[in-house]
Protein chains: 2
Amino acid sequence: MQTSDDSRHGGAGHNPLALDVRKSAILTAVVTEYIGSAQPVGSQHVMDAPGVSVSSATIRADMAALERDGYLAQPHTSAGRIPTDKGYRFFVDHLVGPAALDPVGRQQVRQFFDHAHGEIELMLEKTSGLLADLTDCTAMVVGPSHELATLRSVQLVGLGPRLALLVVVLSDGAVQKQSIDLSEDVDEGRLADAARYLVAHSLGRALSQIDTTLVTTGDPATDAVVSVGVDALRHLGSAEAGDQLFVGGSSHMAAAFDAVDTVRSVLTILEQQLVVVTLLRDVLDRGLSVAIGTEHGVEPLASCAVVVMPVSVDGEVTGTIGLLGPTRMNYPQALAAAQVVGKRLGQRLSESRR
Amino acid sequence: MQTSDDSRHGGAGHNPLALDVRKSAILTAVVTEYIGSAQPVGSQHVMDAPGVSVSSATIRADMAALERDGYLAQPHTSAGRIPTDKGYRFFVDHLVGPAALDPVGRQQVRQFFDHAHGEIELMLEKTSGLLADLTDCTAMVVGPSHELATLRSVQLVGLGPRLALLVVVLSDGAVQKQSIDLSEDVDEGRLADAARYLVAHSLGRALSQIDTTLVTTGDPATDAVVSVGVDALRHLGSAEAGDQLFVGGSSHMAAAFDAVDTVRSVLTILEQQLVVVTLLRDVLDRGLSVAIGTEHGVEPLASCAVVVMPVSVDGEVTGTIGLLGPTRMNYPQALAAAQVVGKRLGQRLSESRR
DNA sequence: GGTCAGCACTCAGTAGAATGGAGTGCCAAC
DNA sequence: GTTGGCACTCCATTCTACTGAGTGCTGACC
């Protein structure tokens with residue numbers, strides 16, 4: 001309701017939008033300590049933290065205020081404090097600076113991308129593994145959509161009497177295929193005719209720009225093949241065919257929680273590609289880079305936080321990388337890792353696209 | 001050491017190769033009960049089991065004998081018995097008949113394969129989900145190797161000045177690609193020449209039968225492209241490119257164990273595709289359909305059992321499906337599910353191959 | 001000889017009481 | 001506003017006692 005610009009002096013007890021310097025330091029201390037130990041943090045421990053040079057009694061008073069304002073919680077009366085989702089949120093938004101990846105990780109990333117080559121899917125798969133290794137989180141990588149990539153090759157391969165395969169190669173190196181059921185027997189020649197026609201009318205365009213107006217080839221049977229071919233092309237361009245999800249390091253979820261039930265429900269979510277992809281897109285759409293606890297709305301992941309990072313190819317956001325961990329995950333590390341890997345991955349993908 | 005053919009009468013106390021009828025019934029009772037409850041089974045409970053109509057005292061005596069012979073174990077003195085790996089082994093080998101899938105599952109399988117269509121990878125992925133659903137195990141599907149499939153299409157697509165993509169379509173509908181680094185700039189025309197040459201010399205053959213003897217095209221630069229193209233083709237034919245692994249239902253592992261550590265180590269293994277593929281192949285090579293506990297030699301999976309089933313395409317064993325669960329998994333169910341799904345999958349794959 | 005009822009025994013699991021200690025809130029003094 | 005001191009709370013641990021499921025054994029029975 002009321003907003004005060006008196007953030008220097010604090011008065012945080014009434015203003016939930018700002019915390020004075022010391023309270024910030026205390027919150028930082030509690031969060032970092034709890035991230036490391038997973039144990040409630042007492043005022044005694046906070047005393048040792050940098051930026052806090054007051055007695056435990058004073059810290060206690062501040063912690064009580066932080067609890068009143070919803071940044072901290074107490075599992076029970078005589079325990080230390082643990083951060084609430086709101087506490088993590090404030091920490092992420094205001095207290096954690098632009099951290100850099102540790103040298104070892106930096107080296108790992110460099111090495112990875114120096115040696116990365118070949119198939120895009122394999123690279124994305126391995127990227128998820130890299131991210132998981134770097135962060136001890138579960139990593140999710142959504143392959144870049146091929147919206148902007150143009151068609152480099154279109155091919156119809158007959159597989160059976162009424163079965164053909166449409167194979168397209170995109171300018172970004174992606175190969176997509178779509179099986180085509182033909183309503184009647186089509187001989188190789190007619191298939192080739194149709195393919196030639198498709199090539200002539202689609203090569204160089206993006207999948208989303210395939211011409212839907214059919215020009216007749218003169219032969220009705222060939223036209224029919226062309227028609228299903230065009231349908232297949234457009235299907236490939238649609239969203240469902242594009243989003244490939246790669247999940248790496250799901251075992252880290254078992255290390256993050258000690259309740260096996262939590263692990264199970266989280267893994268169940270991870271198996272649902274659609275849910276994961278939607279979750280990542282949602283968070284990104286809301287302009288967030290971190291969604292904590294219930295913020296992302298996926299109920300079984302209430303004890304998890306998600307870090308997302310867009311992957312830009314030639315300045316255009318297409319792919320996404322995500323990190324899933326417990327709410328007490330190491331946010332600075334995760335953000336740093338996601339950032340650098342996302343950037344490098346984007347560069348890499350831009351390179352191989354002309 | 002000594003073998004007795006007196007299996008009718010038993011004498012199982014000295015002969016570890018056979019158990020008399022009642023001991024078999026008792027072992028069956030303990031195994032099935034323990035599979036269901038995960039609790040040690042006492043003589044009182046066994047009394048209710050079918051095929052056992054003696055007093056608990058007699059059962060106790062038999063159970064003591066079964067323990068002496070290594071089929072059962074006691075967690076502690078005053079507890080019931082749980083099966084050992086050897087006990088499960090005997091159960092699987094001699095006591096469990098050819099079980100059928102329950103009607104609901106049968107219906108699920110039928111429905112699945114009636115609606116399965118399109119991309120082979122997607123189908124295999126979904127098959128792993130189906131199997132996991134059916135059995136409450138983690139399902140592993142290794143895609144059929146393309147050793148026997150013949151080349152239907154070979155294509156070279158230029159992606160950049162020194163980057164091309166080799167795309168092949170196999171007769172079984174698989175599409176494989178391999179990026180090719182060209183040592184020097186190659187124009188489209190020369191790429192097309194090389195592609196034509198590759199087509200002429202490889203179409204209709206299996207990947208493993210690619211002619212390695214190079215016939216020159218007359219142009220050294222084109223020859224160079226052909227050469228790397230042939231290398232790429234042979235790489236595709238090699239094992240590493242072929243084995244695709246699809247894992248479904250890994251969340252079931254979290255439900256199977258109550259120690260989160262066990263879950264973590266099992267998940268870690270599942271993330272290592274090579275280990276899993278090797279494991280399945282190993283077990284299959286040894287002629288087993290079930291590997292229990294330490295039998296498969298993968299130490300972190302000591303508390304797991306693996307059910308494997310070959311997938312035959314046109315009578316030739318190519319793919320594999322596997323089920324991973326705790327040693328106290330429901331073997332009859334798992335075997336039945338693996339069998340029927342494996343058979344249907346094989347049929348399906350045979351259909352789409354000409 | 002195999003089977004069985006009876007009995008003493010074992011021992012995990014549970015519940016209750018005592019203890020220790022980490023941590024808090026409050027207050028008076030600085 | 002900060003701090004040391006103090007009383008208080010309550011989780012976690014330990015110990016004890018107890019329960020009960022389950023066993024092994026023995027002597028009797030068929």
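Numbered from 1 within each chain, the chains take letters A, B, ... in sequence-line order.
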For B:Asp20 and C:dG2, what is the distance between atoms CG and P respectively, to the nearest whole Å? 10 Å
If you look at every strand shown and take non-hydrogen atoms under 4.0 Å, does A:Thr58 touch a base, only sugar-phosphate, or nothing? base
Among the nucleotides C:dG23, C:dG25, D:dG24, whichever has the atom closest to the side chain of A:Ser78 is C:dG23
Is there a donor-acceptor pair under 3.5 Å between the side chain of A:Thr138 and the backbone N or O of A:Gly249? yes
At under 4.0 Å, does any side-chain N or O of A:Arg81 touch on OP1 or OP2 of C:dG25? yes
Which residues within residues 40-56 of chain B lie with some heavy atom under 4.0 Å of an atom in DNA chain C? B:Val54, B:Ser55
In 5'-to-3' order, the base (B), backbone-only (S) or no-contact (-) status of each nucleotide in nucleotides 12-19 of chain D, using a 4.0 angstrom heavy-atom cut-off, is --------
Between atom CE in B:Met63 and atom C1' in D:dT23, what is the gap in whole Å? 10 Å
Once you round it to whole Å, what is the distance between P of C:dG25 and CZ of A:Arg68? 9 Å
Side chains of B:Ser56 and B:Gln44, donor plus acceptor under 3.5 Å: no
Distance, rounded to the nearest Å, where B:Ile82 contributes CD1 and D:dG22 contributes C1': 15 Å
Nearest whole Å is fine: how far is D:dA21 P from B:Ile59 CD1? 17 Å
Under the side chain to side chain contact (heavy atoms under 4.5 Å, CB included) rule, what do B:Phe91 and B:Val30 come out as? Steps first, then yes or no, please. CA-CA 10 Å; B:Phe91 174 74; B:Val30 173; over 6 Å; no
Donor-acceptor under 3.5 Å (A:Gln74 side chain, A:Thr77 main chain): yes
Check for a donor-acceptor pair, side chain of A:Glu271 on one end and backbone N or O of B:Ser250 on the other, with a separation under 3.5 Å. yes
From CD of A:Gln74 over to C1' of D:dT9, roughly how many Å is that when rounded to an integer? 10 Å
Determine the contact category for A:Ala57: base if any of its heavy atoms lies under 4.0 Å from a base atom, sugar-phosphate if only primed atoms, P, OP1 or OP2 are that close, otherwise nothing. base
Figure out the CG/C1' separation between B:Leu66 and D:dT23, and round it to whole Å. 15 Å
Tell me whether the rings of B:Phe90 and B:Tyr71 are parallel (<30°), tilted (30 to 60°) or perpendicular (>60°). perpendicular
Establish, with yes or no, whether the OP1 or OP2 oxygen of C:dT3 is under 4.0 angstrom from a side-chain nitrogen or oxygen of B:Arg22. yes
Just to verify, which of A:Asp282, A:Leu288, A:Val283, A:Leu323 counts as forming a side chain to side chain contact (heavy atoms under 4.5 Å, CB included) with A:Val308? A:Val283
Electrostatic pair B:Arg89-B:Glu295, nearest N-O below 4.0 angstrom: yes
How many Å lie between CG on A:Asp62 and P on D:dT3, as a whole number? 10 Å
Can you name the residues that form a salt bridge (Lys or Arg N to Asp or Glu O under 4.0 Å) with A:Arg264, not counting sequence neighbours? none
